[in-house]
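Note sheet for the following structure.
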Amino acid sequence: MPEIFENNITYLKGVGPKKAEILKKELGIAVFGDLLDYFPFRYVDKSKIYKVSEVVNDNTYFQLAGYVTNMVKVGDKRARYITATFTDDTGSIGLVWFRGLQWVVNRFKPMQKYIIFGKPSVFKNRFNFVHPEVEDYDNESFKVSGQRLEGIYSSTEKLKNSGLGTRGISTLIKELLSQCSNKIYETLPDYIISKFNLIDRKKAILNIHFPVNSEIVSHARKRLKFEELLLLQLQILQQKNSLSRKIKGQVFEVVGPVFNDFYNNNLPFKLTGAQKKVIKEIRADIRDGYQMNRLLQGDVGSGKTLVALMCMLISMDNGYQSCIMAPTEILAQQHYNSIKKMLLNMNVQVELLTGSTKKKERDRIHQSLIDGSLHLLIGTHAVIEDTVQFENLGFVVIDEQHRFGVAQRAKLWRKNKIPPHVLVMTATPIPRTLAMTVYGNLEVSIIDELPPGRKPIKTMHFFEKSRLRILGFMREQIKQGRQIYIVYPLISESEKMDLKNLMDGYANMLHDFPMPEYQVSVVHGRMKAADKEYEMQRFVEGKTDIMVSTTVIEVGVDVSNASVMIIENAERFGLSQLHQLRGRVGRGADQSYCLLISGNKLSNEGRKRLEIMVETTDGFKIAEADLQLRGPGDLQGTQQSGVLDLKIASLVHDSKLIVQTRTVAQDILDIDPKLESSENSRLRIQLEQIKKGKQNWGRIS
Ligand code: ADP
Ligand code: MG
C-alpha cells in the first residue's frame, strides 16, 4: 500500500488537531486511507431545484432557490437561536440556526437570491430546515444541462459542530483526492475484474465520491461492495480452515448395529429429506479426524431432536458416550421422555441429570458414567459440573444455544482428552447469507422442511375491542379439551415490571371476563425456578387449562394438547420472538391457532410485523423479513462478530453478492489456499493489511 494512505489525517490540508481528534472519535478516521474509504450513503442531484411546494417530509434532501426574510433572534439578552423565512414563488418554509449565529446574521443580504440545501423537519406544523447549507444563487451554473450528483456523507452532531457536515467531509475528500488520486492502487486480481465485469478501483473510488452520472455510481458501488465482501469471505474461510484443521477429533468411522437397529425397527416415522441431508452432513464431518463444531438450524417443530438422537447412536456405535444439554429442567425432562420412548426395547442406557436429581440417584449416574455403562446422558447445566466425569464422551448436543456461553461449552470439552464433537441446535433461524458470515467458523446445517401432515397454525390479528369474541373462542377450545397459552410482553427490562404487566393484564381480563371454572398456571421471570417448574409441570400434565406467562415459556416447551397461543400486546414483540412463541402450538393433531392481540394504535413497523405473522409460518421467511425491518444489529451473534462494520456492502440488501463472493472465495482458496500465486498476490497483500489492522474492518474476527 502506498505510504501516503498511512499518513495521519492531520497532514491533510484543512484538518487541524481538533478536527483530527473528532474524525477519529466519531468515524474512526485516523489516516488518509480511512478517509478515502469513507463513502457517501446516498446522492442528490444538485442540478435540480425544487419548489417549496414540493417539499415533503420523507427523509430526503431538497435544494431550493429563493429569498431569506424575517430573520429573528430568539432569546433574552443573548440570542439562543435564529429563525428566518425562506420564500420562493410557491410558498415559504422556516429556517433555524442554533449555532454560529453571528455568521448567519452576516451571511444573508436582503433581495439577494440563495440556494439552500437540507432535510426538512416538521415543527409546529411547518417545514423547517435546521442548519441548511447555503450558497449564493448563480443562475449560470444551472444552465449547464445534465445531473450534478453530490454524495451525502453521514455525519454526527459533534462533526457538524466542527464544520464537518456532509459538505465539510466532501471538501476534505476532494482535497485528499487532489493529492493522491494517482496513487490509488488495484486490490483485485485482473482475472476477477474481467470475469465479473468490474470497473477498476481508481475509477470506482473517484466516482463513488464525485460521480459523473448515476450510471457510474452503480458500477462503482458494485465494484467496491464486491471487493469488500470478497475479502471478508476470504478472511472468514481462511480462518475457518485453519480453525477446523487445528483441533483433532475422534474418528467415528462406522455406522453400526445400534444405529441400524434404531433405523430399521424403532424409527417412529419416515425421515424428512432435510433430516436425511443433515444427518449425512454430520456423518461426513465426524469421520474425518477433526472435531466437529456445527450449528444445526431448524424451525420449531422441524425434528431436530431426532437428528440429534441418531447422531448420538452413531457415537455409541463407535464406542463413545453422548450427552444432551438443555437450558431448562422442563426441556431436559421432555427430551428424556421422548428419547426414552423412541429407544423402547433397545439396549441403550439413558439417564436424566438435573439440579433436582436426588443425591443417591446422582451418585449412581456419576458411577455409571465413569464405568461406561451409561450411554446417553440428558440434562441441564448439571451435566457440566466438575463432579460429572465420563468414561469417554464423544458427542455433545447443546439445545437452544443462546442460553449457553462459550465458557460452558469449553467446560464440556474438558471432559475428555480429545474434545467431543459438538452439535449446537437452534430454532432461531437466521438467513443463510447472514449465517455464513456471522457464524463464519461454525459449520451450518439447516433443516428447511417440516415433517409432512402438519396442519398449519391459523394466525389472526385482533384489536382490543374484539376481546369478547376471543373469550368465547377460548371457552369453545377448552370445552373441546384443548389448553391455551396467554403471553404478556416484558414491557420494561425489570422483572418487577414484568410481573406487574402480567398481573395487571391478566387481572384486567379477569375483571371484565371472570372465568372461575378454569384452572390456571401462572409463570413469570420473578418466580423461583422450582415454583416455575411446578407450575409448568401442572400445565404439561393437563391439570391446568390456561397457562398465563411472560416470555419465559418462549423456548422449546412441547405440550401437544395446547393448541391456542394468545399473545397480548403483540405489537411489542419482535418477529422472531412472535415466531418462537407461536411455535409452542401446532404440535399435535388438532388445528392450532395463534391470536395476536394489539392496541388500536400501531406503528407502521408494528403493523408490518403482525401482517407478516398472519401471512406466513415459514421461519426463514420471517427471519428474512426481520432482517429487512430491523437490520442485522439486533440479531444474535452480529454484535460481536463485527460484520456490522462493513463500509459499503449491506448484509440485508446484498445477499446475492454475499453468496456470489462466498463461492468465488471458496473457488480461489480451493486452488490456492494461501494465496501464494502471483495472480492472487493483490488479495494476499490486502488480507495481510487487514490482519495488521491497517483497515478499519480488519477488526472482524
Ligand atoms: P424441534 O426441531 O422443534 O426440536 P422436535 O424434534 O421437537 O422439533 O420435533 C417436533 C415433533 O415432530 C416431535 O413430536 C417429533 O416426534 C416429530 N417429528 C420429528 N421428525 C419427524 C418426521 N420425520 N416425521 C414426522 N414427525 C416427526
Ligand atoms: Mg426442540
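Excluded from the calculations below are hydrogen atoms, water molecules and symmetry mates; all remaining heavy atoms, backbone and side chain alike, are included. Nothing fancy with the numbering, it's 1 onward along the sequence. What you are looking at is a predicted structure, and each value in this text was computed from that prediction instead of being measured.
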With rounding to the nearest 0.5 Å, note down the distance linking CG in L230 to OG1 in T661.
6.0 Å

Write down the atom of K24, the atom of A30, and the distance for their closest heavy-atom approach.
CD-CB, 3.5 Å

Taking everything shown except D667 itself, do over 12 heavy atoms lie less than 6.0 Å from its CG?
yes

Derivation of the ring pair (Phe, Tyr, Trp, His ring centres under 6.0 Å) call for F5 and F32:
CA-CA 5 Å; F5 295 113; F32 281 19; 7.9 Å; no

Do H421 and V396 come within less than 4.5 Å of each other through their side chains, counting heavy atoms only?
no

Return the NZ to CG distance between K202 and L206, rounded to the nearest 0.5 Å.
6.0 Å

Under 6.0 Å from the OH atom of Y50, do we count more than 12 heavy atoms belonging to anything else shown?
no

Before giving the answer on side-chain contact (heavy atoms from CB on, under 4.5 Å), spell out for V74 and I82 the whole-Å C-alpha distance, their side-chain angles and the decisive distance to 0.1 Å.
CA-CA 6 Å; V74 185; I82 291 180; over 6 Å; no

Does the side chain of L198 reach to within under 4.5 Å of the side chain of H219, using non-hydrogen atoms?
no

Rounded to the nearest 0.5 Å, the CG atom of L237 sits from the CZ atom of R662 at a distance of 4.5 Å

Does a donor on one side chain and an acceptor on the other come within less than 3.5 Å for T187 and Q686?
no

Can you see whether T156 engages E26 through a side-chain donor-acceptor pair at a distance of less than 3.5 angstrom?
yes

List the atom of F127, the atom of P120, and the distance in Å for their closest heavy-atom pair.
CD2-CB, 3.9 Å

Does a side-chain heavy-atom distance below 4.5 Å link I612 with I622?
yes

Euclidean distance, E228 CD relative to L224 CG, rounded to 0.5 Å:
8.5 Å

Under a 4.0 Å threshold between the charged nitrogen and the carboxylate oxygen, would D88 count as salt-bridged to K51?
no

Between L12 and L172, which heavy-atom pair has the shortest distance, and what is it?
CD2-O, 3.7 Å

Looking only at heavy atoms, which two atoms of I169 and S154 are closest? And how far apart?
CD1-O, 3.9 Å

Value for CG (L35) from CG (L177), rounded to nearest 0.5 Å, stands at 8.5 Å

What class does the angle between the rings of W97 and F108 fall in, given that below 30° is parallel, 30 to 60° is tilted and above 60° is perpendicular?
tilted

Take F226 and F196 through the test ring pair (Phe, Tyr, Trp, His ring centres under 6.0 Å) and record every step on the way to the result.
CA-CA 9 Å; F226 191 99; F196 296 97; 5.1 Å; yes

Contact between V15 and K19 at the side-chain level, heavy atoms closer than 4.5 Å - yes or no?
yes

Would you check if the side chain of N128 reaches a backbone N or O of V130 as a donor-acceptor pair within less than 3.5 Å?
no

Go through it in stages, so that I can follow the logic: the residues are V44 and Q63, the test is side-chain contact (heavy atoms from CB on, under 4.5 Å), and I'd like the CA-CA distance, side-chain angles, deciding distance and then a yes or no.
CA-CA 9 Å; V44 290; Q63 179 166 260; over 6 Å; no

Side-chain ion pair, D190 and R201, N-O less than 4.0 Å
no

Under a 4.5 Å cut-off applied to non-hydrogen side-chain atoms, are L36 and L176 in contact?
yes

Would you kindly say whether S677 and D672 are connected by a side-chain donor-acceptor distance under 3.5 Å?
yes

Sub-4.5 Å side-chain heavy-atom contact between R294 and D285
yes

When Y61 is tested against each of Y43, F41, F117 for ring-ring contact (aromatic ring centres under 6.0 Å, His included), which residue passes?
F117

State whether the side chain of Y11 and the backbone N or O of V31 hold a donor-acceptor pair below 3.5 Å, judged by distance alone.
no

Quick check: does any side chain N or O of H131 sit under 3.5 Å from a backbone N or O of F98, one acting as donor and the other as acceptor?
yes

Pair E281-S445, side-chain donor/acceptor within less than 3.5 Å:
yes

Within the structure provided, determine whether I446 and V278 are in side-chain contact (heavy-atom separation under 4.5 Å).
no

side-chain contact (heavy atoms from CB on, under 4.5 Å) assessment of L683 paired with I668:
CA-CA 10 Å; L683 292 173; I668 293 173; 3.9 Å; yes

Can Y137 and Y114 be said to form a ring pair (Phe, Tyr, Trp, His ring centres under 6.0 Å), step by step?
CA-CA 5 Å; Y137 180 77; Y114 294 95; 9.7 Å; no

Would you check if there is a donor-acceptor pair between the side chains of Y185 and D200 at a distance under 3.5 Å?
no

Non-hydrogen atoms of A649 and L229 that approach each other most closely:
CB-CG, 3.6 Å

Take atom CD of E21 as the centre, draw a 6.0 Å sphere, and report whether it contains more than 12 heavy atoms from other residues, nucleotides or ligands.
no

side-chain contact (heavy atoms from CB on, under 4.5 Å) between L95 and T83, worked out:
CA-CA 6 Å; L95 305 179; T83 62; over 6 Å; no

Which heavy atom in Q250 sits nearest to a heavy atom in P420, and how many Å separate them?
OE1-CA, 4.0 Å

Measure the acute angle between the ring planes of Y38 and Y153, then classify it against the limits of 30° and 60° as parallel, tilted or perpendicular.
parallel

Is R684 reaching over with its side chain to a backbone N or O of L675, donor-acceptor style, under 3.5 angstrom?
yes

Do the charged groups of R167 and E150 touch, with an N to O distance under 4.0 Å?
yes

Pair D136 + R107, salt bridge at N-O below 4.0 Å
yes

Rounded distance (nearest 0.5 Å) linking atom OG of S181 with atom CD1 of I205:
11.0 Å

Are there over 12 heavy-atom neighbours, none belonging to K25, within less than 6.0 Å of that residue's NZ?
no

Taking C-beta and beyond as the side chain, do L423 and M292 meet within less than 4.5 Å on heavy atoms?
yes

